Asker: 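Take a look at the following structure, please.
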Amino acid sequence: MSTAGLLGALAQVVVVVAGAPLLVGLMRQVRARLEGRAGAGVGQPWRDLRKLSRKQAIAPIGTGPVFRAAPSLLLGTALVTAAVVPLASLRSPLDCGVDLFAVVAVLALGTTALVLAGLDTGTAFGGMGASRGITVLALVEPTILLAVLALSIPAGSTNLATIVAAAQQSPTRQLAPVSLLAAVALGVVIIAETGRLPVDNPTTHLELTMIHEAMVLEYAGPDLAVVELASAARLTVLLGLFTSLFLPWGVTSGLVGLPLALLLLVGKVAALGVLVAAGEVFAAKLRLFRVPELLAGSFLLALLAAAGSYFLTSGGLP
Amino acid sequence: VNPAGAGFAVALGLGAAGAVAGCLAPAGRRAVVVGVATAGCGVAAVAAGLAGMSGQGWALWLPQLLPLTGLRLAIDPLGGLFIALTGAVTVCAAVFGIGYTRGHVALCGRVPQAVFPLFVTSLLLVPAAAGVGTLLVAWESMALCSTLLVLTEHRRGPQVISAGRWYAVMTHLSLVALLLGMVGFATAAGGDSYSALRDAHLSGAGASAVFVTTLVGFTTKAGLVPLHVWLPRAHPEAPAHVSVLMSAAMVTTGVYGVVRVGLDLLGGGPGWWWLAVLCLGLVSALYGVLQACVAGDLKRLLACSTTENMGLAVVGVGAAGFLRAQGAGHLAGLALTAAFLHLVAHAAVKTVLFAAAGSVAQATGTRDLDEMGGLAARMPVTGTLFAVGALGACALPLGAGFPGEWLLLQALVHALPVGGTATAVVVPVAVAVIALTAGLATVAFVKAFGVGFLARPRSPGAAGASEADPIASAGLVLGGGVCVLLAVWPGLVVDRLSDAVASAGVPAASMDGAGLMLRLQVVSGSFGPLLLAVSVVAASGAAAVAVRFMHGGRVRRRARLWDCGAGAPTARMQYTATAFAEPLQRIFEDVLRPDADLEVAPHAESAYYLQRVAYRLKVPDRVEERLYRPVLNTVRRVGVASRRLADGRVHRYLSYGFLAFTGLLIGLAVTR
């Protein structure tokens, strides 16, 4: 375990936690401006978090320890992924123990905790959100793992640092059809996982359309602050993972390049966030039962990417 | 003294003693005496199995004991693995069984108590058999004992008898297939013992015939599609401690059989065998988990998940055989290790889950998830352990099932570049199916735990539930401890699997399982379950501390749930298990084909007012409807039609005799 790796992972976690609400604020601001509104400013999510954290914690009658523990677990899983994904540093001390499969599964663990919390409230909203959330989670899984498969073929490993390092060594590979297919598939999946349009509307409070918001309806005060921070951190980490896999420039294994790498990370994720937000202005939410079609489409792309990675990259045609 | 042989002898002796005690002990003490003897049998079996796995082999031939072939027993590392697994499950099941059966008239009867240790003994004999005759005898006694045990509570209703009938027919179908295959194999090899079968080096069409026939027999026992139909019937109706043994230990003998016959005795064979096995596993995994998602009966859900998990293990076995045929030995070893690790994890998980489900059924009087709820508060120990088991069954990190699935995915991922075109087609599909299976398993077990144990009770039975018997809970705690150990330290098992893999005729996976990290050697990849668990727990703990710090020592205010201003929500407003799975059921409508029936009766005065709305939903097993119903209907029609042959008139029967006799004479006259 090197000092550079430890510092790098720590810096990643700090940047993700500090920057995640700002990213959400930035995306809301972009949407507001494009829709002709003034917007609340980039710092609004942080102000919301401060407000929420000062309130008294609530224990809704009838809920149990699962409801109480879920926000912490959600944030915990997001922090672990922030530490392990090579967002800026290739030398995370967790890298030897947590590969891309494990990262995907850790994020799913966080979602599962939230789904159970939704069920624990015993309200119709909680159950509805839980049922929908877990359905999306189940359908997203094959696409993610196929994209992982496609990306791990050229590197020969599923360990994230190896994949990113291999991508850095041959920059032209990012333009190969396999990589592009995997990028599109993974992009759709990230949108579904983080509850953005057109799968879920992060600003809705209409029960018929809610997924994420319905699950967290009973949270208030500090608990809600943690849930909000965790969702923002998940969004940031997933966008960061996307940039590391497909635009890996700047990610470093040393200590010297770390500040620059962090700056580049902020820039890349912010740019990606602006893109997503701008896209959302023009998208309408899909009907819940049209979402599987979208995910099936992305699954097909991932399947093509995985099969293509054999036929195209290894020159394996018999 | 050979430790494997001594341990095995002690295990058999204690099993027999338990059976005798079950017959003789007074009803009040029967459960305890039988349970203690059976648990002892399990402990001895674990010792014997571990000794066998470490290479201290043991063999025995008693020619007088069994006609024609004699009793042949041997413990090699492969058999040792399954003996140890069965033994460990037996310990938990027996301890749980004491608490579960005592004071219960039907469960404490002489027959069920005496047959239970016999069932364990026959389960131990299957992997220890070293000859065709011995294997078949052990297989059949396993089938008979388990059939008797399934029928223990036959007075509860016709569904128990129906389950017993289905199980008896299917398990004997398995025996017939096995009898045909193995006897044919022994004839071709000219010997009964496994070593003779191995030396025969059967190949070509004969080997394929043996493989396919025995595959039918073994996959029936493993509960793979389309031969799984007995599983969702027999597991729910059997008493819980029997379900534990059946689901955690008995079904694994099917996988053992495929490995033993296909990889070991037949020596691998061509790639298409294993491609077929792999596809069978994928179909079973997906179909099983889909059925589990829509199941409303808790034990049926667990039974369907058993089909899923056996499917995944068989995917590993199929991948191992296929990769070996392709010449990628080191990956084959990895895949087989993954399959074995998955079997071990599944055994631990299902032990806990079936036992917890039994406690719940006893406490609430129902197995229907739609009538449960709020059990985590009423049965804290059972609820917590069910959560541990459910986490293991979902293949999420921190759960017992994750390391096995991780290894399996690693084997497949690294197989893609080395194989031919067939690999390039199969591997992505396999990875996708495994991923979808993992996702759907999460749905199924979130449903089981979230609807069954969280929120508020949906029926008076659930509201009045109380914690299970302390001894039953002790059995659960044992199983839960193993689950946690497997989740954070799978290297403990993986290190001991290399000999078992090697004795299945596959080069052992080069893997550094020592310590807490699983590190693959030839290919790149590593996974540290303990590191992951510690970091997730530490990060979540930090978040929890932060929340506590934020509300700075103030007490949490108890507040009403959000009710839209319409008064406190009732328990009936909660999502039920059926409602929870409805989106999935809709998405997979083409596969599941649910029978939904909506009856709307309008008011006589006006069509706009409704008098009554009735909605019925049933998700039948499509395979059963399409494949078994036609066969059963034909058999029934033939039976009814042939009833006309026997109308009770004596002269008719005499004429049958006369016609048969003259027919025989004419036949003899023509052929001679």
Side-chain angles (χ1 to χ4, degrees), chain A residues 53 56-62 64 66 72-73 75-77 79-80 94 96-99 101-102 105-106 108-109 112 115-116 119-124 127 131-132 134-135 137-138 141-142 145-146 149 152-153 156-159 162 217-218 222-223 226 289 292 303 306-307 310-311 314 318, chain B residues 376-377 396-398 402 406 409-410 413 416-417 420-421 424-425 428 431-432 435-436 438-440 442-443 446 449-451 454-456 517 523-528 531-532 535-536 539-540 543-544 547 550-551 554 556-562 569 573-575 579-580 582-584 586-587:
Chain A
S53 65
Q56 190 184 8
I58 301 287
I61 295 168
V66 172
S72 314
L73 195 59
L75 186 57
T77 54
L79 293 183
V80 169
L94 292 178
C96 57
V98 188
D99 68 344
F101 284 137
V106 165
L109 181 69
T112 309
V115 166
L116 283 173
L119 278 175
D120 196 24
T121 61
T123 59
S131 162
R132 291 172 178 178
I134 198 92
T135 306
L137 174 81
E141 206 89 330
L145 288 206
L146 273 184
L149 174 67
S152 65
I153 297 293
S157 169
T158 54
N159 273 51
T162 321
L217 199 66
E218 295 298 333
D223 293 319
V226 170
F289 291 106
L303 190 65
Y310 167 74
F311 289 115
S314 63
Chain B
L396 287 174
L398 275 60
F402 188 70
W406 183 84
L409 285 171
Q410 287 294 338
V413 164
L416 190 51
T421 317
V425 176
V431 168
L436 186 59
L440 293 176
T442 313
V443 178
V446 161
F449 180 70
V451 176
L454 299 182
R456 296 187 297 283
M517 204 76 91
V523 290
S524 148
S526 58
F527 173 54
L531 183 65
L532 180 60
S535 40
V536 168
S540 310
V547 174
M550 275 191 273
H551 66 88
R554 283 180 289 173
R556 280 178 178 270
R557 190 161 64 80
R558 284 167 62 76
R560 271 164 57 196
L561 291 162
W562 171 244
M573 292 179 190
Q574 302 176 87
Y575 251 48
F580 188 75
E582 203 267 353
L584 266 184
R586 240 202 237 205
I587 290 163

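So that the names make sense, note that chain A is the first sequence line, chain B the second, and so on, each numbered from 1. Quick caveat: nothing in here was measured; it's all calculated off a predicted structure.
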Asker: Count the heavy-atom pairs under 4.5 Å between each of G76(A), P292(A), A306(A) and chain B, then report the option with the highest count.
Answerer: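 Maximum pair count with chain B is reached by G76(A).
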Asker: Among S72(A), G64(A), A138(A), which has the most heavy-atom pairs under 4.5 Å with chain B?
Answerer: S72(A)
Asker: Give, as side chain, backbone, both or neither, the part of S53(A) having an atom under 4.5 angstrom from any heavy atom of chain B.
Answerer: both
Asker: Heavy-atom pairs under 4.5 Å with chain B are the metric here; pick the option from V226(A), V106(A), T162(A) that has the most.
Answerer: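 Max contact count across the listed options: V106(A).
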Asker: Quick check: closest heavy atoms across S131(A) and A579(B), and the distance to 0.1 Å?
Answerer: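 Minimum heavy-atom separation between S131(A) and A579(B): OG-O, 4.0 Å.
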Asker: In chain order, what residues pass the ring-ring contact (aromatic ring centres under 6.0 Å, His included) check against F101(A), with sequence neighbours excluded?
Answerer: none
Asker: Side chain from CB out, backbone as N, CA, C, O: work out which of these in E218(A) comes under 4.5 Å of a heavy atom of chain B, or both, or neither.
Answerer: side chain
Asker: Between chain A and each of P397(B), G439(B), A539(B), A377(B), count heavy-atom pairs under 4.5 Å; write down the option with the most.
Answerer: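 The candidate making the most pairs under 4.5 Å is P397(B).
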Asker: Quick one: of L584(B), V451(B), L561(B), who has the most non-hydrogen atom pairs under 4.5 Å with chain A?
Answerer: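 The candidate making the most pairs under 4.5 Å is L561(B).
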Asker: Heavy-atom pairs under 4.5 Å with chain A - which of R560(B), M573(B), Q410(B) has more of them than the others?
Answerer: Q410(B)
Asker: For the candidates V66(A), L79(A), L146(A), L75(A), which exhibits the highest count of non-hydrogen atom pairs separated by less than 4.5 Å from chain B?
Answerer: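 Highest number of heavy-atom pairs under 4.5 Å: L146(A).
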Asker: Determine, for D120(A) against R456(B), whether the closest basic-nitrogen to carboxylate-oxygen distance falls under 4.0 angstrom.
Answerer: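 No.
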Asker: Any heavy-atom pair between the side chains of F449(B) and L454(B) that's under 4.5 Å?
Answerer: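 Yes, close enough: below the 4.5 Å cut-off.
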Asker: Excluding sequence neighbours, so at least two apart, what forms ring-ring contact (aromatic ring centres under 6.0 Å, His included) with F402(B)?
Answerer: F527(B)
Asker: Can you find a heavy atom in the side chain of W562(B) that is under 4.5 Å from one in the side chain of P569(B)?
Answerer: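 Not touching, per the 4.5 Å side-chain cut-off.
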Asker: Based on non-hydrogen pairs under 4.5 Å, which of L303(A), L145(A), V98(A) is most in contact with chain B?
Answerer: L145(A)
Asker: Could you check L116(A), L119(A), V115(A) and say which one makes a side-chain contact (heavy atoms from CB on, under 4.5 Å) with I134(A)?
Answerer: V115(A)
Asker: Considering only heavy atoms, which portion of R586(B) lies under 4.5 Å from any heavy atom of chain A: side chain, backbone, both, or neither?
Answerer: side chain
Asker: Does any part of the side chain of V443(B), heavy atoms only, come nearer than 4.5 Å to the side chain of T135(A), both counted from C-beta?
Answerer: no
Asker: For the residue pair Q574(B) / T123(A), report whether a side-chain donor-acceptor contact shorter than 3.5 Å exists.
Answerer: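 No, Q574(B) and T123(A) have no side-chain donor paired with an acceptor closer than 3.5 Å.
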Asker: When only pairs under 4.5 Å are counted, which of A102(A), A108(A), S152(A), G62(A) shares the most heavy-atom pairs with chain B?
Answerer: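 Most heavy-atom pairs within the cutoff with chain B belong to A102(A).
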Asker: Go through the atoms of L137(A) and report whether side chain, backbone, both or neither lie under 4.5 Å from a heavy atom of chain B.
Answerer: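 For L137(A), side-chain heavy atoms alone lie under 4.5 Å from chain B.
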